[in-house]
Amino acid sequence: MDIDFPLVLTWAVLISGGIWLFDALFLKARRLGARSAEEAEAPDKEPMIVEYARSFFPVLLLVLVLRSFLAEPYQIPSESMVPTLEVGDFILVNKYAYGIRLPVLGTKIIEVGEPQRGDIMVFIPPHDSRYFIKRVIGLPGDRIRYEDKALYINDERADYEFVREFYDVIGGAAVPVRAYQESLGSGTHTTYRYPVGDRNGEWTVPEDAYFVMGDNRDRSDDSRRWKYVSEAKIVGKAVAIWVHKDPGFKLPTFERNQWLTQAAAEPRPARLNHAEAALIRD
């Protein structure tokens, strides 16, 4: 079961602030007036619930403001953005890059900027309530075509440069993977192509929507299946990897710390051990 942390945090701020305010406006004066002359000089002894509310409210409010309007950490859960983002990467999401939005509601209240082609964007897809992260491919009004593992934007084919071929293991079988540098406008990034999962198609991006894809093209659940990201469902722009932790009982590492710009990402090394390499030779 996924917890809606923004909603929980918002309710925590409202409840703790409400308790503190109600006590200050209505209960504190009555409590102080009921004390005897001997007790008048002693500090006010607040009920425990009021004391906790007064202590936690400023901290919760600060976290809500920072998380809702400035930046938010996010952990990469899948391989859809490999090699740019690995499973276990913790990234920093700029929440104001595409406009200031109200927490929980997501309503934009201040215009700041718009997603650009090639941005790595965090959003809520139309078919799921969880955060997804993909690369922005199509802007409103664009015609997108994906054919034979090549991307066409407004009938113009993206530039590709072959990097290398290596092997990955899926279901116990070694499969060849080809790495290409893909150029979108002035930026480049590395994409992976597997020998399966073509997902050819053509789409026209509607207004106030975006077309997104994962860099690990044949292992990404993206706009090729569930269409478009609504502008109202944008969370923010991924700007940096700040720590990495492999699944399981592994210590965090800072070896992958980097800014997420549209630069050439180094393809990860082949993941074959000696037994798996023998599988290829046989």
Which heavy-atom pair separates [X] from [Y] by the least distance, and what is that distance?
X: V243; Y: P252; value: CG2-CB, 3.8 Å
X: G141; Y: E207; value: N-OE2, 4.3 Å
X: V13; Y: L61; value: CG2-N, 3.9 Å
X: V136; Y: P115; value: CG2-CB, 4.3 Å
X: R199; Y: Y146; value: O-CD2, 3.6 Å
X: P83; Y: T190; value: CD-O, 3.5 Å

I'd like to know if the side chain of [X] reaches the main chain of [Y], judged simply by a donor and an acceptor atom lying under 3.5 Å from each other, with no hydrogens or angles considered.
X: N200; Y: D148; value: yes
X: R143; Y: T204; value: no
X: D89; Y: I91; value: no
X: Q116; Y: E114; value: yes
X: K245; Y: G248; value: yes
X: D159; Y: S183; value: no
X: R219; Y: S80; value: no

* **Evaluation steps, side chain to side chain contact (heavy atoms under 4.5 Å, CB included), between W11 and L60** => CA-CA 10 Å; W11 274 111; L60 293 172; over 6 Å; no
* Is the F56 ring parallel, tilted or perpendicular to the Y52 ring (thresholds 30°, 60°)? -> parallel
* Taking the inter-plane angle between the rings of W203 and F211 on a 0 to 90° scale, is it parallel (under 30°), tilted (30 to 60°) or perpendicular (over 60°)? -> tilted
Tell me whether [X] shares a hydrophobic cluster with [Y], the cluster being built from Ile, Leu, Val, Met, Phe, Trp, Tyr side chains joined at under 4.5 Å.
X: L92; Y: Y74; value: no
X: L260; Y: M121; value: no
X: Y210; Y: L151; value: no
X: V205; Y: W226; value: no
X: I133; Y: F123; value: no

* Intermediate values then yes/no, side chain to side chain contact (heavy atoms under 4.5 Å, CB included), L184 and H189 -> CA-CA 8 Å; L184 293 179; H189 49 270; 3.6 Å; yes
Would you say [X] and [Y] make side-chain contact, with heavy atoms under 4.5 Å?
X: V163; Y: E161; answer: no
X: D155; Y: R145; answer: yes
X: D119; Y: Y98; answer: yes
X: V82; Y: D215; answer: no
X: D168; Y: Y194; answer: yes
X: M81; Y: I120; answer: yes

* For Q258, does the CD atom have more than 12 heavy-atom neighbours from other residues, nucleotides or ligands under 6.0 Å away? -> yes
* E255 atom CD: more than 12 heavy-atom contacts under 6.0 Å ->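 At most 12 heavy atoms, drawn from other residues, nucleotides or ligands, come within 6.0 Å of this atom.
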* Among L27, I19, L21, find the residue that satisfies the side chain to side chain contact (heavy atoms under 4.5 Å, CB included) test when tested with D23. =>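 Among the candidates, only L27 passes.
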Listed pairs under 3.5 Å, donor-acceptor, residues 230-237 side chains, sequence neighbours left out:
{"unit_1": "S230", "atom_1": "OG", "unit_2": "A232", "atom_2": "N", "d": "3.2"}
{"unit_1": "E231", "atom_1": "OE2", "unit_2": "R101", "atom_2": "NH2", "d": "2.8"}
{"unit_1": "E231", "atom_1": "OE2", "unit_2": "K108", "atom_2": "NZ", "d": "2.7"}

Taking atom [atom1] of [X] and atom [atom2] of [Y], what is their separation to the nearest 0.5 Å?
X: I49; Y: S16; atom1: CD1; atom2: OG; answer: 10.5 Å
X: D221; Y: M213; atom1: CG; atom2: CE; answer: 11.5 Å
X: S220; Y: Y192; atom1: OG; atom2: OH; answer: 14.5 Å
X: I241; Y: R256; atom1: CD1; atom2: CZ; answer: 4.5 Å
X: I124; Y: Y131; atom1: CD1; atom2: OH; answer: 5.5 Å
X: Q181; Y: T191; atom1: CD; atom2: OG1; answer: 8.0 Å

Salt bridge or not for [X] and [Y], using N-O below 4.0 Å?
X: D218; Y: K149; value: yes
X: R178; Y: E165; value: yes
X: R217; Y: E182; value: yes

* Over-ring placement of R193 relative to Y160, 6.0 Å and 45° cut-offs -> yes
* Asked: Going through the distances and angles, do R117 and L139 end up as a side chain to side chain contact (heavy atoms under 4.5 Å, CB included)?
  -> CA-CA 7 Å; R117 201 184 323 279; L139 306 180; 4.1 Å; yes
